[in-house]
> 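Please find one structure pasted underneath; my questions will follow.
Throughout, protein chains are lettered first and strands after them, A, B, ... in sequence-line order, and every chain is numbered starting at 1.
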Protein chains: 2
Amino acid sequence: MKTSATREQIIEAADQLFYQQGFAHTSFSDIAGVIGISRGNFYYHFKSKDEILDAVINERLQNTQDMLDMWEEAASTPAARIRSYIHILLTNRDKIMRYGCPVGTLCGELAKLDHCERTESIRLFDLFRTWLRHQFTQLGHKEDADRLAMHVLAWSQGVATLANAYEDKDFIDQEIQMICTWLEAYTPPAKRPQHSSDALH
Amino acid sequence: MKTSATREQIIEAADQLFYQQGFAHTSFSDIAGVIGISRGNFYYHFKSKDEILDAVINERLQNTQDMLDMWEEAASTPAARIRSYIHILLTNRDKIMRYGCPVGTLCGELAKLDHCERTESIRLFDLFRTWLRHQFTQLGHKEDADRLAMHVLAWSQGVATLANAYEDKDFIDQEIQMICTWLEAYTPPAKRPQHSSDALH
DNA sequence: GTCTATACCTGGATAGAC
DNA sequence: GTCTATCCAGGTATAGAC
């Protein structure tokens, strides 16, 4: 995998713009304008626009996995790790209100475009799904682990979609609180010394 | 408001295609191909593509309001009416798995395009939000009515997003069941003669 | 009202100089 | 590696015949 400076710049800028404007609506001129190169230069680094998308998705997959790994060792309990996931709704609140969730909106767009990279984009969901499932399994919910993981994923996606539509900070805060309360019901009492004092940092 | 035959055809076809392919990715040629008119003919009925979008949104607003009015009189209790809303996840299941929710995906796309019709599209959410809020108020949750309405909206949006990503029928069924169970906790016992027997038709 | 023809622009993509 | 010049397809939009 080449890691030339401008190649990385292209991926970085495309990543941002695909998120903010959508993939289809982002042109080579847009990306070129951000990093200050010419349009023709793209084709030294990539064969097509789709190949840039592929690189962007791989970049996001890598970053996401790194983040999950970090959460895995930073938080001491499965419940706290799940809260790390919920917490990104707060960390990225402003961006979510403007552009929605990066994963959900990309998968949605590629589904409508019937784009071949669609399956790749869903792997982003898979990372979170697998990781969350693992946490719920550790919480002792072997049978329901995947169902619960999907539920948390869906919940956060719904919050992102409506937060984007209404640009409502308070709504996000309320829903985060609800998710954490809901989560307590799935946390074994033995491992629940503090109740909500450790919810969200 | 003019109601010429072809104008209606254009709106109808655009409505479908905007949903299936997205607004930006749908061209005049696409629409023209469906209803068998020439591209030049559009400009007799509309000044621009944006004006078609406006007409499509208004059409959807009208249809949505009609549907809500129908639910209002078809179902006898507020809880049953809220279940009417949840039920569209089942009725439109196949389309949702392919294209997502028509409201959520349109609002999401227009947000990224920074399109002037964005505020109009959010009125679609408003219709559901106001209607759901009304139902929760009738259920006796005056203070929390709007919060609960937003919660149901977000929940259904999240289900649609993940159902679209994973094309998973069972997931939709499971979540619908969860929403109905959740809803029972907000239904006054006095008005709850049957438990889940009347859940979803 | 609907068509054809066409203007005009922007998009992705290629060729070749440097 | 990066640039300029260019091609070509497709998009929206206009003009004018019918």
> Where is the tightest heavy-atom contact between B:A32 and B:S38, given as atom of each residue plus distance?
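B:A32 and B:S38 have their closest heavy atoms at CB-C, 4.4 Å.
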> Separation of B:I52 atom CD1 from D:dT12 atom P, in whole Å?
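These atoms are roughly 9 Å apart.
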> When the distance from NZ of B:K49 to C1' of D:dG10 is rounded to whole Å, what number comes out?
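About 12 Å, once rounded to whole Å.
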> Using distance only, find each side-chain donor-acceptor pair of residues 61-72 of chain A under 3.5 Å and give its atom names and separation, not counting sequence neighbours.
unit_1	atom_1	unit_2	atom_2	d
A:Q62	NE2	A:D66	OD1	3.1
A:N63	ND2	A:E59	O	3.4
A:T64	OG1	A:R60	O	2.6
A:Q65	NE2	A:D69	OD1	3.0
A:E72	OE1	A:W131	NE1	2.9
A:E72	OE1	A:Q135	NE2	2.9

> Using atom CD of B:E51 as one end and atom C1' of D:dA13 as the other, report the distance to the nearest whole Å.
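That distance rounds to 13 Å.
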> Name all residues meeting the ring-ring contact (aromatic ring centres under 6.0 Å, His included) criterion together with B:Y186; count only those two or more places apart in sequence or in a different chain, and write none if there are none.
B:H141, B:W182
> Relative to the 5' end of DNA chain D, which residue comes earlier, A:G40 or A:Y44, by the nucleotide with the nearest heavy atom?
A:Y44
> To the nearest Å, give me how far apart CG (B:N41) and C1' (D:dA13) are.
14 Å
> Within the supplied structure, the quantity of interest is the number of heavy atoms (other residues, nucleotides, ligands) at a distance under 6.0 Å from A:R98 CZ; does it exceed 12?
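Check fails, neighbour count at 12 or below.
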> Provide, to the nearest angstrom, the distance between the CZ atom belonging to A:F42 and the C1' atom belonging to D:dT4.
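Value for this atom pair: 15 Å.
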> Any chance the rings of B:Y43 and B:F28 have centres within less than 6.0 Å?
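So the answer is yes for these two rings.
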> What I want to find out is whether A:K112 reaches A:E109 closely enough, with some N-O distance under 4.0 Å, to be called a salt bridge.
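Looking at A:E109 together with A:K112, the answer is no, because their closest N to O distance does not fall below 4.0 Å.
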> Just to be sure I understand the geometry, which residues of residues 22-33 of chain B put a non-hydrogen atom under 4.0 Å away from DNA chain D?
B:T26, B:S27, B:F28, B:S29
> List in chain and number order the residues that pass side-chain contact (heavy atoms from CB on, under 4.5 Å) with A:T137, two or more places apart in sequence or in another chain; answer none if no residue qualifies.
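So A:T137 forms a side-chain contact (heavy atoms from CB on, under 4.5 Å) with A:R133, A:K142, A:A145.
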> Return all side-chain donor-acceptor pairs below 3.5 angstrom for residues 151-162 of chain B, not counting sequence neighbours, or 'none' if the list is empty.
unit_1	atom_1	unit_2	atom_2	d
B:H151	ND1	A:E175	OE1	3.1
B:H151	ND1	A:E175	OE2	3.1
B:W155	NE1	B:E175	OE1	2.8
B:S156	OG	B:Y85	OH	2.6
B:S156	OG	B:V152	O	3.1
B:S156	OG	B:L153	O	2.8
B:T161	OG1	B:Q157	O	3.0

> With a strict under 4.0 Å distance from non-hydrogen atoms of chain A, what nucleotide opens and what nucleotide closes the contacted stretch of DNA chain C, reading 5' to 3'?
C:dG11 to C:dT14
